[in-house]
Amino acid sequence: MGNIASCCVSPSGSPKLPRQVERLEDYQINTDLSDDTGPYLQHISDREVPDDLALESNPSDHARASTIFLSKSQTDVRDRRKSNHINHVSPGLLSKKYSSCSTIFIDDSTVSQPNLKSTIKCVTLAIYYHIKNRDSDRSLDIFDEKMHPLSREQVPDDYSRTDPEHKLIYRFVRTLFSAAQLTAECAIVTLVYLERLLTYAELDICPSNWKRIVLGAILLASKVWDDQAVWNVDYCQILKDITVEDMNEMERHFLELLQFNINVPASVYAKYYFDLRSLADDNNLSFPLEPLRNERAQKLEAISRLCEDKYKDLSRVAMRRSFSADNLVGIRRSNAVLS
(Lines give C-alpha, C1' and ligand atoms only; values in the text may rest on other atoms or scores of the structure.)
Protein backbone atom coordinates (compact mmCIF):
# COMPACT_ATOMS: atom_id res chain seq x y z
CA MET A 1 0.00 0.00 0.00
CA GLY A 2 2.86 2.33 0.72
CA ASN A 3 4.69 1.64 -2.51
CA ILE A 4 4.80 4.53 -4.95
CA ALA A 5 4.27 2.39 -8.03
CA SER A 6 0.99 0.79 -7.03
CA CYS A 7 -1.67 -0.75 -9.26
CA CYS A 8 -3.64 2.53 -9.27
CA VAL A 9 -0.79 4.89 -10.13
CA SER A 10 1.46 4.26 -13.08
CA PRO A 11 4.89 5.91 -13.16
CA SER A 12 4.54 6.37 -16.91
CA GLY A 13 1.12 8.00 -16.67
CA SER A 14 0.58 11.39 -18.22
CA PRO A 15 1.13 14.31 -15.82
CA LYS A 16 -1.93 16.14 -14.60
CA LEU A 17 -2.22 19.80 -15.47
CA PRO A 18 -3.09 22.41 -12.84
CA ARG A 19 -6.78 23.27 -12.85
CA GLN A 20 -6.17 27.00 -12.47
CA VAL A 21 -4.77 27.55 -15.97
CA GLU A 22 -6.92 29.20 -18.59
CA ARG A 23 -8.57 27.24 -21.42
CA LEU A 24 -6.35 28.71 -24.09
CA GLU A 25 -3.26 27.80 -22.05
CA ASP A 26 -4.66 24.29 -21.60
CA TYR A 27 -4.87 23.97 -25.35
CA GLN A 28 -1.25 25.02 -25.84
CA ILE A 29 0.09 22.73 -23.10
CA ASN A 30 -1.95 19.70 -24.16
CA THR A 31 -0.78 19.92 -27.74
CA ASP A 32 2.82 19.78 -26.54
CA LEU A 33 2.13 16.49 -24.73
CA SER A 34 1.46 14.67 -27.99
CA ASP A 35 5.13 13.70 -28.35
CA ASP A 36 5.18 11.77 -25.08
CA THR A 37 1.70 10.34 -24.83
CA GLY A 38 0.94 9.59 -28.49
CA PRO A 39 -1.73 11.20 -30.68
CA TYR A 40 -3.82 13.65 -28.64
CA LEU A 41 -7.49 14.23 -29.47
CA GLN A 42 -8.63 17.53 -28.06
CA HIS A 43 -12.05 17.63 -26.44
CA ILE A 44 -14.58 20.03 -27.95
CA SER A 45 -15.00 21.86 -24.63
CA ASP A 46 -11.30 22.74 -24.71
CA ARG A 47 -11.77 24.50 -28.05
CA GLU A 48 -14.45 26.82 -26.77
CA VAL A 49 -13.54 30.43 -26.14
CA PRO A 50 -13.93 31.88 -22.63
CA ASP A 51 -17.46 32.67 -21.55
CA ASP A 52 -16.95 36.42 -21.27
CA LEU A 53 -15.71 36.60 -24.87
CA ALA A 54 -18.32 34.15 -26.15
CA LEU A 55 -21.21 36.09 -24.67
CA GLU A 56 -20.00 39.24 -26.33
CA SER A 57 -19.26 37.92 -29.81
CA ASN A 58 -21.32 34.76 -30.35
CA PRO A 59 -25.06 35.44 -30.03
CA SER A 60 -25.79 32.33 -32.10
CA ASP A 61 -24.23 30.15 -29.37
CA HIS A 62 -25.38 31.79 -26.13
CA ALA A 63 -28.91 32.80 -25.19
CA ARG A 64 -27.78 35.75 -23.06
CA ALA A 65 -26.02 37.54 -25.92
CA SER A 66 -28.18 39.94 -27.92
CA THR A 67 -28.84 39.15 -31.57
CA ILE A 68 -26.92 41.14 -34.16
CA PHE A 69 -29.87 41.88 -36.43
CA LEU A 70 -31.93 43.43 -33.64
CA SER A 71 -29.12 45.78 -32.62
CA LYS A 72 -28.54 46.79 -36.25
CA SER A 73 -32.23 47.57 -36.71
CA GLN A 74 -32.48 49.81 -33.66
CA THR A 75 -30.69 52.66 -35.42
CA ASP A 76 -33.34 52.86 -38.14
CA VAL A 77 -36.16 52.42 -35.65
CA ARG A 78 -34.92 55.31 -33.49
CA ASP A 79 -34.41 57.55 -36.52
CA ARG A 80 -37.89 56.76 -37.79
CA ARG A 81 -39.52 57.54 -34.46
CA LYS A 82 -37.51 60.73 -34.10
CA SER A 83 -38.47 61.87 -37.60
CA ASN A 84 -42.14 61.17 -36.98
CA HIS A 85 -42.00 63.12 -33.73
CA ILE A 86 -40.27 66.12 -35.29
CA ASN A 87 -42.50 66.22 -38.37
CA HIS A 88 -45.64 65.52 -36.32
CA VAL A 89 -46.50 62.55 -38.47
CA SER A 90 -49.61 60.81 -37.18
CA PRO A 91 -49.62 57.02 -37.13
CA GLY A 92 -52.88 57.04 -39.07
CA LEU A 93 -55.58 54.47 -38.57
CA LEU A 94 -54.67 51.79 -36.10
CA SER A 95 -54.59 48.53 -38.01
CA LYS A 96 -53.61 46.42 -35.01
CA LYS A 97 -56.40 44.55 -33.32
CA TYR A 98 -56.73 44.61 -29.56
CA SER A 99 -58.57 42.18 -27.32
CA SER A 100 -61.65 43.28 -25.40
CA CYS A 101 -63.96 41.78 -22.80
CA SER A 102 -66.08 40.08 -25.46
CA THR A 103 -63.40 39.16 -28.05
CA ILE A 104 -59.88 37.80 -27.67
CA PHE A 105 -57.53 38.08 -30.64
CA ILE A 106 -54.73 35.57 -30.91
CA ASP A 107 -52.26 34.76 -33.67
CA ASP A 108 -51.42 31.30 -34.93
CA SER A 109 -47.68 31.69 -34.39
CA THR A 110 -45.94 30.04 -31.45
CA VAL A 111 -42.31 29.31 -30.68
CA SER A 112 -42.85 25.64 -31.57
CA GLN A 113 -45.03 26.31 -34.66
CA PRO A 114 -44.30 29.76 -36.11
CA ASN A 115 -46.32 31.25 -38.93
CA LEU A 116 -44.40 30.56 -42.14
CA LYS A 117 -45.18 33.71 -44.12
CA SER A 118 -44.65 36.08 -41.18
CA THR A 119 -41.45 34.34 -40.13
CA ILE A 120 -39.95 34.58 -43.62
CA LYS A 121 -40.84 38.29 -43.72
CA CYS A 122 -39.09 38.87 -40.39
CA VAL A 123 -36.01 36.81 -41.31
CA THR A 124 -35.59 38.62 -44.64
CA LEU A 125 -36.04 41.96 -42.86
CA ALA A 126 -33.25 40.96 -40.48
CA ILE A 127 -31.04 40.15 -43.48
CA TYR A 128 -31.96 43.51 -44.99
CA TYR A 129 -30.77 45.36 -41.87
CA HIS A 130 -27.58 43.27 -41.89
CA ILE A 131 -26.82 44.48 -45.41
CA LYS A 132 -27.92 48.08 -44.90
CA ASN A 133 -26.09 48.70 -41.62
CA ARG A 134 -23.00 46.59 -42.27
CA ASP A 135 -19.66 47.73 -40.90
CA SER A 136 -17.60 46.99 -44.02
CA ASP A 137 -17.55 44.73 -47.10
CA ARG A 138 -15.49 41.78 -45.89
CA SER A 139 -16.21 38.75 -48.05
CA LEU A 140 -14.79 35.56 -49.57
CA ASP A 141 -14.56 34.49 -53.19
CA ILE A 142 -16.76 31.43 -52.65
CA PHE A 143 -19.70 33.72 -51.82
CA ASP A 144 -19.08 36.32 -54.52
CA GLU A 145 -21.97 36.30 -56.98
CA LYS A 146 -19.90 37.51 -59.92
CA MET A 147 -17.32 34.75 -59.49
CA HIS A 148 -20.00 32.12 -58.80
CA PRO A 149 -23.22 33.34 -60.48
CA LEU A 150 -26.55 31.75 -59.63
CA SER A 151 -28.01 32.39 -63.09
CA ARG A 152 -26.85 32.91 -66.64
CA GLU A 153 -28.00 36.51 -66.58
CA GLN A 154 -25.14 38.97 -66.64
CA VAL A 155 -24.33 40.40 -63.25
CA PRO A 156 -24.50 44.23 -63.39
CA ASP A 157 -21.31 46.21 -62.89
CA ASP A 158 -22.66 47.96 -59.79
CA TYR A 159 -23.79 44.70 -58.17
CA SER A 160 -21.47 45.28 -55.21
CA ARG A 161 -22.62 48.86 -54.57
CA THR A 162 -26.41 48.65 -54.74
CA ASP A 163 -28.15 47.41 -51.59
CA PRO A 164 -31.08 45.08 -52.28
CA GLU A 165 -34.55 46.06 -51.12
CA HIS A 166 -36.45 44.02 -48.58
CA LYS A 167 -38.91 42.87 -51.25
CA LEU A 168 -36.11 41.41 -53.36
CA ILE A 169 -34.67 39.46 -50.43
CA TYR A 170 -38.13 38.24 -49.44
CA ARG A 171 -38.90 37.10 -52.99
CA PHE A 172 -35.62 35.16 -53.19
CA VAL A 173 -36.09 33.37 -49.85
CA ARG A 174 -39.81 32.75 -50.38
CA THR A 175 -39.10 31.07 -53.74
CA LEU A 176 -36.63 28.66 -52.14
CA PHE A 177 -38.90 27.85 -49.19
CA SER A 178 -41.93 27.36 -51.39
CA ALA A 179 -40.18 25.14 -53.92
CA ALA A 180 -38.36 23.05 -51.31
CA GLN A 181 -41.39 23.01 -48.95
CA LEU A 182 -39.35 24.14 -45.97
CA THR A 183 -40.81 25.02 -42.56
CA ALA A 184 -40.81 28.22 -40.56
CA GLU A 185 -38.48 26.70 -37.98
CA CYS A 186 -35.95 26.21 -40.77
CA ALA A 187 -36.09 29.96 -41.49
CA ILE A 188 -35.15 30.77 -37.89
CA VAL A 189 -32.28 28.27 -37.93
CA THR A 190 -31.16 29.84 -41.23
CA LEU A 191 -30.79 33.20 -39.49
CA VAL A 192 -28.86 31.56 -36.63
CA TYR A 193 -26.39 29.99 -39.06
CA LEU A 194 -26.06 33.25 -40.98
CA GLU A 195 -25.10 35.25 -37.88
CA ARG A 196 -22.82 32.44 -36.71
CA LEU A 197 -21.01 32.59 -40.06
CA LEU A 198 -20.58 36.35 -39.85
CA THR A 199 -19.22 36.04 -36.32
CA TYR A 200 -16.93 33.06 -36.75
CA ALA A 201 -15.49 34.00 -40.17
CA GLU A 202 -15.53 37.78 -39.49
CA LEU A 203 -17.46 38.48 -42.68
CA ASP A 204 -20.09 41.03 -43.70
CA ILE A 205 -23.18 40.23 -45.69
CA CYS A 206 -23.20 42.76 -48.52
CA PRO A 207 -24.74 43.20 -52.00
CA SER A 208 -22.09 41.03 -53.65
CA ASN A 209 -22.50 37.94 -51.46
CA TRP A 210 -25.93 38.00 -49.80
CA LYS A 211 -27.60 35.54 -52.18
CA ARG A 212 -24.97 32.83 -51.84
CA ILE A 213 -24.63 33.26 -48.07
CA VAL A 214 -28.40 33.00 -47.63
CA LEU A 215 -28.53 30.01 -49.97
CA GLY A 216 -25.77 28.25 -48.02
CA ALA A 217 -27.51 28.92 -44.71
CA ILE A 218 -30.84 27.61 -46.05
CA LEU A 219 -29.14 24.54 -47.50
CA LEU A 220 -27.49 23.69 -44.19
CA ALA A 221 -30.56 24.49 -42.06
CA SER A 222 -32.81 22.30 -44.20
CA LYS A 223 -30.46 19.33 -43.80
CA VAL A 224 -30.03 19.77 -40.05
CA TRP A 225 -33.58 20.69 -39.07
CA ASP A 226 -35.99 18.90 -41.41
CA ASP A 227 -36.45 15.13 -41.17
CA GLN A 228 -36.68 14.85 -44.96
CA ALA A 229 -33.73 16.93 -46.06
CA VAL A 230 -33.52 18.56 -49.46
CA TRP A 231 -30.62 17.29 -51.56
CA ASN A 232 -28.22 19.64 -53.27
CA VAL A 233 -29.42 18.45 -56.64
CA ASP A 234 -32.94 19.56 -55.68
CA TYR A 235 -31.73 23.14 -55.32
CA CYS A 236 -30.25 22.82 -58.80
CA GLN A 237 -33.77 22.13 -60.02
CA ILE A 238 -34.96 25.36 -58.37
CA LEU A 239 -31.98 27.46 -59.49
CA LYS A 240 -31.63 26.12 -63.02
CA ASP A 241 -28.17 27.49 -63.81
CA ILE A 242 -26.24 26.39 -60.73
CA THR A 243 -24.26 23.15 -60.71
CA VAL A 244 -24.12 20.43 -58.08
CA GLU A 245 -20.35 20.82 -57.81
CA ASP A 246 -20.79 24.50 -56.96
CA MET A 247 -23.38 23.67 -54.31
CA ASN A 248 -21.14 21.01 -52.78
CA GLU A 249 -18.15 23.34 -52.67
CA MET A 250 -20.18 26.15 -51.08
CA GLU A 251 -21.61 23.78 -48.47
CA ARG A 252 -18.14 22.48 -47.61
CA HIS A 253 -16.76 26.01 -47.18
CA PHE A 254 -19.80 27.01 -45.12
CA LEU A 255 -19.28 24.12 -42.72
CA GLU A 256 -15.57 24.81 -42.40
CA LEU A 257 -16.22 28.47 -41.61
CA LEU A 258 -18.75 27.40 -38.98
CA GLN A 259 -16.07 25.10 -37.53
CA PHE A 260 -18.65 22.34 -38.05
CA ASN A 261 -20.71 23.79 -35.21
CA ILE A 262 -24.28 23.20 -36.40
CA ASN A 263 -25.81 22.82 -32.95
CA VAL A 264 -28.66 25.23 -32.13
CA PRO A 265 -29.68 25.12 -28.44
CA ALA A 266 -33.36 25.50 -27.63
CA SER A 267 -32.66 28.69 -25.66
CA VAL A 268 -30.91 30.27 -28.67
CA TYR A 269 -33.75 29.26 -30.98
CA ALA A 270 -36.32 30.80 -28.61
CA LYS A 271 -34.26 34.00 -28.32
CA TYR A 272 -34.16 34.42 -32.09
CA TYR A 273 -37.90 33.74 -32.36
CA PHE A 274 -38.88 36.40 -29.83
CA ASP A 275 -36.34 38.89 -31.20
CA LEU A 276 -37.90 38.40 -34.63
CA ARG A 277 -41.28 39.21 -33.11
CA SER A 278 -39.80 42.36 -31.57
CA LEU A 279 -38.40 43.26 -34.99
CA ALA A 280 -41.86 42.78 -36.48
CA ASP A 281 -43.45 45.08 -33.89
CA ASP A 282 -40.84 47.78 -34.48
CA ASN A 283 -41.44 47.70 -38.25
CA ASN A 284 -45.24 47.29 -38.23
CA LEU A 285 -45.09 43.71 -39.49
CA SER A 286 -47.83 42.38 -37.29
CA PHE A 287 -48.58 38.68 -37.18
CA PRO A 288 -52.09 37.81 -38.43
CA LEU A 289 -54.61 37.97 -35.57
CA GLU A 290 -57.87 36.03 -35.50
CA PRO A 291 -60.68 35.93 -32.92
CA LEU A 292 -60.41 33.06 -30.48
CA ARG A 293 -63.06 30.48 -31.40
CA ASN A 294 -64.47 27.73 -29.22
CA GLU A 295 -62.60 25.02 -31.13
CA ARG A 296 -59.27 26.81 -30.74
CA ALA A 297 -59.93 27.48 -27.05
CA GLN A 298 -60.69 23.81 -26.39
CA LYS A 299 -57.56 22.74 -28.23
CA LEU A 300 -55.39 25.18 -26.26
CA GLU A 301 -56.97 24.02 -23.00
CA ALA A 302 -56.27 20.37 -23.87
CA ILE A 303 -52.63 21.15 -24.68
CA SER A 304 -52.31 23.11 -21.43
CA ARG A 305 -53.70 20.21 -19.37
CA LEU A 306 -51.41 17.74 -21.09
CA CYS A 307 -48.34 19.86 -20.36
CA GLU A 308 -49.46 20.47 -16.78
CA ASP A 309 -49.87 16.74 -16.10
CA LYS A 310 -46.49 16.04 -17.69
CA TYR A 311 -44.70 18.60 -15.51
CA LYS A 312 -46.48 17.32 -12.41
CA ASP A 313 -45.19 13.81 -13.05
CA LEU A 314 -41.67 15.13 -13.63
CA SER A 315 -41.75 17.16 -10.42
CA ARG A 316 -42.90 14.12 -8.43
CA VAL A 317 -40.05 12.02 -9.77
CA ALA A 318 -37.59 14.79 -8.97
CA MET A 319 -38.91 15.10 -5.42
CA ARG A 320 -38.57 11.35 -4.84
CA ARG A 321 -34.98 11.40 -6.06
CA SER A 322 -34.10 14.37 -3.86
CA PHE A 323 -35.28 12.72 -0.63
CA SER A 324 -32.21 11.23 1.07
CA ALA A 325 -33.72 10.66 4.52
CA ASP A 326 -37.24 9.36 3.93
CA ASN A 327 -37.27 7.24 7.09
CA LEU A 328 -36.38 10.09 9.42
CA VAL A 329 -39.60 11.26 11.08
CA GLY A 330 -38.07 13.74 13.44
CA ILE A 331 -34.86 14.69 15.15
CA ARG A 332 -33.75 12.04 17.64
CA ARG A 333 -31.90 13.26 20.71
CA SER A 334 -29.68 10.87 22.68
CA ASN A 335 -29.53 11.01 26.48
CA ALA A 336 -26.52 12.75 27.90
CA VAL A 337 -24.08 10.61 29.86
CA LEU A 338 -22.67 12.26 32.91
CA SER A 339 -19.43 10.85 34.30
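Since the structure is predicted, the reported quantities are computational estimates derived from the model, not experimental observations.
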Peer 1: Which of these, V230, I238, N232, sits in a side-chain contact (heavy atoms from CB on, under 4.5 Å) with D234?
Peer 2: V230
Peer 1: Got a second to check how far L140's CG is from E202's CD, nearest 0.5 Å?
Peer 2: 11.0 Å
Peer 1: Flag yes if more than 12 heavy atoms outside K146 fall under 6.0 Å of its NZ atom; otherwise flag no.
Peer 2: yes
Peer 1: When rounded to the nearest 0.5 angstrom, what is the spacing between NE2 in H148 and CG in D144?
Peer 2: 7.5 Å
Peer 1: Could you tell me if N283 and Y128 have a donor-acceptor pair between their side chains, going purely by distance under 3.5 Å?
Peer 2: no
Peer 1: What's the separation between atom OG in S151 and atom NZ in K211, rounded to the nearest 0.5 Å?
Peer 2: 6.5 Å
Peer 1: If every non-hydrogen atom of L258 is compared with every non-hydrogen atom of R196, which pair is closest and at what distance?
Peer 2: CD2-CG, 3.7 Å
Peer 1: Measure across C186 and T190 and return the closest heavy-atom pair with its distance rounded to 0.1 Å.
Peer 2: O-OG1, 2.7 Å
Peer 1: Would you call the rings of F254 and F143 parallel, tilted or perpendicular if under 30° counts as parallel and over 60° as perpendicular?
Peer 2: perpendicular
Peer 1: Taking the six-membered ring for Trp, are the ring centroids of Y269 and W225 within less than 6.0 Å of each other?
Peer 2: yes
Peer 1: Salt-bridged, D241 to R152, with N to O below 4.0 Å?
Peer 2: yes
Peer 1: Work out which heavy atom in P59 is nearest to a heavy atom in T199; give both atom names and the distance.
Peer 2: CD-OG1, 4.3 Å
Peer 1: Extract all donor-acceptor atom pairs below 3.5 Å that involve side chains of residues 168-177 and protein atoms in other chains or at least two apart in sequence.
Peer 2:
| residue | atom | partner | partner atom | Å |
| --- | --- | --- | --- | --- |
| T175 | OG1 | R171 | O | 2.7 |

Peer 1: Between L215 and I242, is any pair of side-chain heavy atoms under 4.5 Å apart?
Peer 2: yes
Peer 1: Under the side chain to side chain contact (heavy atoms under 4.5 Å, CB included) rule, what do M247 and L239 come out as? Steps first, then yes or no, please.
Peer 2: CA-CA 11 Å; M247 294 287 295; L239 303 170; 5.6 Å; no
Peer 1: To the nearest 0.5 Å, what is the distance between CD1 on I188 and OH on Y273?
Peer 2: 7.5 Å
Peer 1: Report yes if the side chains of K223 and I262 come closer than 4.5 Å at any heavy-atom pair, otherwise no.
Peer 2: no
Peer 1: Applying side chain to side chain contact (heavy atoms under 4.5 Å, CB included), can you list everything that pairs with T243, at least two apart in sequence or on another chain?
Peer 2: E245, D246
Peer 1: Determine whether F69 and L194 make a side-chain contact, defined as any pair of heavy atoms from C-beta on separated by less than 4.5 Å.
Peer 2: no
Peer 1: Given the rule that I, L, V, M, F, W and Y join up when any side-chain heavy atoms are under 4.5 Å apart, are V123 and F274 in one cluster?
Peer 2: yes
Peer 1: Within a strict 4.5 Å, meaning less than it, do heavy atoms of the R161 and P207 side chains meet?
Peer 2: no
Peer 1: Counting only N and O atoms by type, is there a donor-acceptor contact under 3.5 Å from the side chain of D281 to the main-chain atoms of S278?
Peer 2: no
Peer 1: Are the side chain of T162 and the backbone N or O of Y159 linked by a donor-acceptor pair below 3.5 Å?
Peer 2: no
Peer 1: Would you say the side-chain atoms of N209 pair up with the backbone N or O of I205, donor to acceptor, closer than 3.5 Å?
Peer 2: no
Peer 1: Decide side chain to side chain contact (heavy atoms under 4.5 Å, CB included) for V268 and D61; before the verdict, give the C-alpha distance in whole Å, the side-chain angles of both, and the deciding distance to 0.1 Å.
Peer 2: CA-CA 7 Å; V268 172; D61 292 331; 5.8 Å; no
Peer 1: Out of curiosity, does V244 fall in the hydrophobic cluster containing W231 (side-chain heavy atoms, cut-off under 4.5 Å, transitive links)?
Peer 2: yes
Peer 1: Would you give the length of the straight line joining atom CG of D137 to atom CD1 of I131, rounded to the nearest 0.5 angstrom?
Peer 2: 11.0 Å
Peer 1: For a side chain to side chain contact (heavy atoms under 4.5 Å, CB included) check, start with the C-alpha distance between T119 and E185, then their side-chain angles and the critical distance, and finish with the verdict.
Peer 2: CA-CA 8 Å; T119 303; E185 298 91 332; over 6 Å; no
Peer 1: With the side chain counted from C-beta on, respond yes when V189 and Y272 share a heavy-atom pair under 4.5 Å apart, and no when they do not.
Peer 2: no
Peer 1: Going by the salt bridge (charged side-chain N to carboxylate O under 4.0 Å, His left out) test, name the single residue among K132, R138, R134, K72 that passes it with D204.
Peer 2: R138
Peer 1: Any side-chain to backbone donor/acceptor pair from H253 onto E249? Under 3.5 Å, distance only.
Peer 2: yes
Peer 1: Would a 4.5 Å heavy-atom cut-off, applied to side chains only, mark T67 and L279 as touching?
Peer 2: no
Peer 1: Heavy-atom count check: over 12 atoms from other residues, nucleotides or ligands less than 6.0 Å from D157 CG?
Peer 2: no
Peer 1: Can you list every pair that meets salt bridge (Lys or Arg N to Asp or Glu O under 4.0 Å) and has a residue in residues 255-275, with sequence neighbours left out?
Peer 2: R252-E256
Peer 1: Would a hydrophobic clustering, with Ile, Leu, Val, Met, Phe, Trp and Tyr connected at side-chain separations under 4.5 Å, put Y200 with I213?
Peer 2: no
Peer 1: Are L285 and I127 linked, directly or through other ILVMFWY residues, by side chains that come within less than 4.5 angstrom of each other?
Peer 2: yes
Peer 1: Given 3.5 Å as the limit, does a donor-acceptor pair link the side chain of R212 with the main chain of M250, or not?
Peer 2: no
Peer 1: Drop me the distance from L125's CG to S73's OG, to the nearest 0.5 angstrom.
Peer 2: 7.5 Å
